[in-house]
Amino acid sequence: MVNRYIAKEKQGAWLIIKILIATSVFLLICSRASSMILKTYGDDSDIFVMLGKLTKDGMVPYKEFFDHKGPFIILVEYLAFLLPNYKVGLFVIELLFIAATLMAEYNIFKLYFNENKSCIFTIVSLFVLNIYYQGGNFTEEYCLPFLMWSTFFFVKYSNRKNKKNVEHNLGYAFFYGITFTVCALTRITNALPLCAIILVLFVYVLFEKRYDIILKNILWFALGILVSLTPFVIYFIAKGALKDAIYATFIFNFRYAKASTNEKYLLKEQIKTIVYLIPIVTVFLVSCFKKNKLKTKNILSICMVVMSVFAIALQISGQPYRHYLIIWLPLLCIGVCIVDLKSIKYRMYRYVLMLFLIISSCIVIGKNVSVLADSCNLVTKNEEQDYAKYVNDLKEKIPGDKLDRVIAYNVLAKFYIISDIKPCYKYCILQDWQCSHDSEMTLEFEKMIKSLKAQYIVITRDSINAYDGYINQHYHQKYENKYFELLEINYNTNYVKGR
């Protein structure tokens, strides 16, 4: 008995070690945000890094600087800055989150396969993740462990031996509540996989007429939300920024999503969206071809159908960014578990599914080869050092006592990360793009610009900006380099507070 326990503990320890090693290698090769060997920045993830840095520097999120992502991602980035080197901090955080995701995956696979197969499928899933990863440090990545563990609890419930007992573990409901909070406090659509699980569970228990189970689970779900949401609410109330946080996280995002549905995208981007949806379409076919779903009350297959429909509808109707699909990795894991070509009665269905499986495998292999080639190129590229050189060159032209009166207008977030400058306006990056989604924000930003609080404005060289006309009246060019122009306020112009 003792020997068996020791052997099990050793096996668990070796599994964790394997997962940590595999995840570390994955991050070193694929994470533009945290890798120590890739000499580049993380594109959109730089915005999140900037949010964490400004918070660490004492500024209040949403009140003193704006972005439309929720506060959970700011918390994650803030924690990365607690270490002297933020890239090391971010590497550790990504390592822990992805490792937690893989542990949940292993437990899902373990319900269907032996230990060796489960371990192999878990490591291979990193290659699947990589087709949607896009350099990492996105909100979807930090929601993933919560979504994956929620999926594990649901799969475990659907595979219970006694199907007549529909009692659902209240601890699972509590965790669903925490998961919902995490997703909602990044980007509300990140909660869709969980919504599919809850919808199927609700309808299933409702058909069984077990209203007491529904009520108890709703209460524990609400408790999970309350426990995880309260610290954020307390923080923003204490900082006088609760209204700003609600506006940025929910109201602006709703307007942004609404505007995005009307945007037209290039045919190339639309084709990419369809290609990256093929693995999800494959899982949809797997779940549809599963025999007797309704007769046997196979809620797992039904849930997969619902998840697939949600995923496809969201991606087609919204913006074609492939990292949005990261949250559907739990769906792909379940697909691996239940695919069974032999059980498909009709030969035509079997051939169609085989074709989709082959295409999906080719997509995974092809994208990973492409990412590896890009990473090899970035190892020798000096993009990071080159950009930083010109940021620091520009900063030297600003007097030290005026660094708190600077704003970067339509400039990338990495400018603030490198320069260590705190913006003097709430709307501090990609302002014209943000304002294009909200007329109220446009008016507020215009008021900020016309207040002339900024003594220096940094713009991208040769760029065209919405307020160039007004800025040219009150500012003159002091300096320019390869990337930027530095505009200084005219000497006869004074800042009027509240103007």
Side-chain angles (χ1 to χ4, degrees), residues 19 22-35 38 40 42-45 94 97-99 101-102 104-105 108-109 120-145 147-148 151 187 189-190 192-193 265 268-286 304 307-308 310-312 314-316 318-337 339 353 355-378:
I19 285 176
T23 305
S24 297
V25 172
F26 172 80
L27 290 174
L28 285 171
I29 296 173
C30 305
S31 177
R32 296 189 174 197
S34 65
S35 174
L38 301 183
T40 185
D43 301 321
D44 281 358
S45 79
E94 281 198 276
F97 273 79
I98 295 179
T101 299
L102 296 185
E105 284 182 26
I108 292 173
F109 291 135
I120 291 169
F121 284 137
T122 300
I123 302 302
V124 168
S125 71
L126 284 170
F127 294 97
V128 180
L129 171 63
N130 199 27
I131 68 175
Y132 304 123
Y133 189 61
Q134 278 194 289
N137 195 38
F138 289 103
T139 61
E140 292 79 7
E141 176 186 344
Y142 299 116
C143 294
L144 196 53
L147 291 170
M148 194 67 76
T151 303
R187 200 167 71 99
T189 50
N190 287 343
L192 276 177
Y265 298 96
K268 181 181 176 182
E269 296 301 320
Q270 294 172 341
I271 292 173
K272 281 184 179 179
T273 298
I274 294 171
V275 169
Y276 291 122
L277 276 173
I278 288 176
I280 290 173
V281 173
T282 304
V283 175
F284 174 75
L285 295 175
V286 167
M304 288 174 65
M307 275 189 176
S308 302
F310 281 5
I312 294 166
L314 179 66
Q315 198 69 8
I316 290 176
Q319 294 181 319
Y321 301 136
R322 71 175 186 270
H323 65 263
Y324 285 179
L325 293 168
I326 288 175
I327 58 173
W328 303 105
L329 188 62
L331 173 65
L332 300 177
C333 289
I334 303 173
V336 172
C337 294
V339 63
L353 185 54
L355 177 62
F356 271 87
L357 286 169
I358 292 169
I359 294 173
S360 296
S361 301
C362 290
I363 291 169
V364 173
I365 294 169
K367 188 59 190 176
N368 276 275
V369 170
S370 173
V371 169
L372 181 60
D374 290 343
S375 296
C376 290
N377 184 41
L378 290 172

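Small disclaimer: the values here were computed from a predicted structure and weren't measured. Computed over heavy atoms, backbone and side chain alike; hydrogens, waters and symmetry mates excluded.
How far CG of L102 is from OG of S125: 5.0 Å, rounded to the nearest 0.5 Å. One finds the CD1 atom of I278 at 12.5 Å from the CD1 atom of I358 (value rounded to the nearest 0.5 Å). Rounding to the nearest 0.5 Å places CG of L325 at 16.0 Å from OH of Y133. L285 contributes atom CG, which lies 10.5 Å from atom CE of M304 (distance to the nearest 0.5 angstrom). Once rounded to the nearest 0.5 Å, the distance linking CG of L126 with CD1 of I19 reads 9.0 Å.
Residues E105 and T122 have side chains that never bring a donor and an acceptor to within less than 3.5 angstrom of each other. With 3.5 Å as the limit, one finds no donor-acceptor pair spanning the side chains of Y324 and N190.
S31 is linked by a side-chain hydrogen bond (donor to acceptor under 3.5 Å, both in side chains) to S34, E94, counting only residues two or more places apart in sequence or in another chain. Scanning for ring-ring contact (aromatic ring centres under 6.0 Å, His included) contacts around Y132 gives an empty result, with sequence neighbours left out. Remark: T151 pairs with no residue by the side-chain hydrogen bond (donor to acceptor under 3.5 Å, both in side chains) rule, at least two apart or across chains. Under the side-chain contact (heavy atoms from CB on, under 4.5 Å) criterion, I274 pairs with no residue at all, not counting sequence neighbours. Scanning for side-chain contact (heavy atoms from CB on, under 4.5 Å) contacts around L355 gives I359, with sequence neighbours left out. Listed by chain and number, the residues in a ring-ring contact (aromatic ring centres under 6.0 Å, His included) with F356 amount to none (sequence neighbours excluded). In this structure, the side-chain contact (heavy atoms from CB on, under 4.5 Å) partners of I316, at least two apart in sequence or on a different chain, are L277, I312. For T23, the side-chain hydrogen bond (donor to acceptor under 3.5 Å, both in side chains) criterion is met by no residue, not counting sequence neighbours. For E140, the salt bridge (charged side-chain N to carboxylate O under 4.0 Å, His left out) test picks out R187, with sequence neighbours left out. Contacts of V371 classified as side-chain contact (heavy atoms from CB on, under 4.5 Å), with partners at least two apart in sequence or in another chain: C30, N130, K367, S375.
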Report, one line per pair, each donor and acceptor closer than 3.5 Å where one atom sits in a side chain of residues 326-334; sequence neighbours left out.
none

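Two residues are said to be in side-chain contact when any heavy atoms from C-beta on lie closer than 4.5 Å; F97 and L144 fail this criterion. V339 has its side chain within reach of L357: a pair of non-hydrogen atoms, C-beta onward, lies under 4.5 Å apart. Taking the side chain as every heavy atom from C-beta outward, E141 and L129 never approach each other to under 4.5 Å.
Contact between S360 and P279 at its shortest, heavy atoms only, is OG-CA, 3.4 Å. Nearest heavy-atom pair across G335 and V286 is O-CG1, 4.3 Å.
When atom types are taken as modelled, the side chain of Q134 and the backbone of H323 share a donor-acceptor pair closer than 3.5 angstrom. For Q315 (side chain) and Y321 (main-chain N/O), a donor-acceptor pair under 3.5 Å exists by modelled atom type. Judged purely by atom type and a 3.5 angstrom limit, N368 uses its side chain to pair as donor or acceptor with the backbone of F127. Here the side chain of S45 pairs no donor or acceptor atom with the backbone of N137 at under 3.5 angstrom. Looking only at distances, no side-chain donor or acceptor of R322 sits under 3.5 Å from a matching main-chain atom of Y276.
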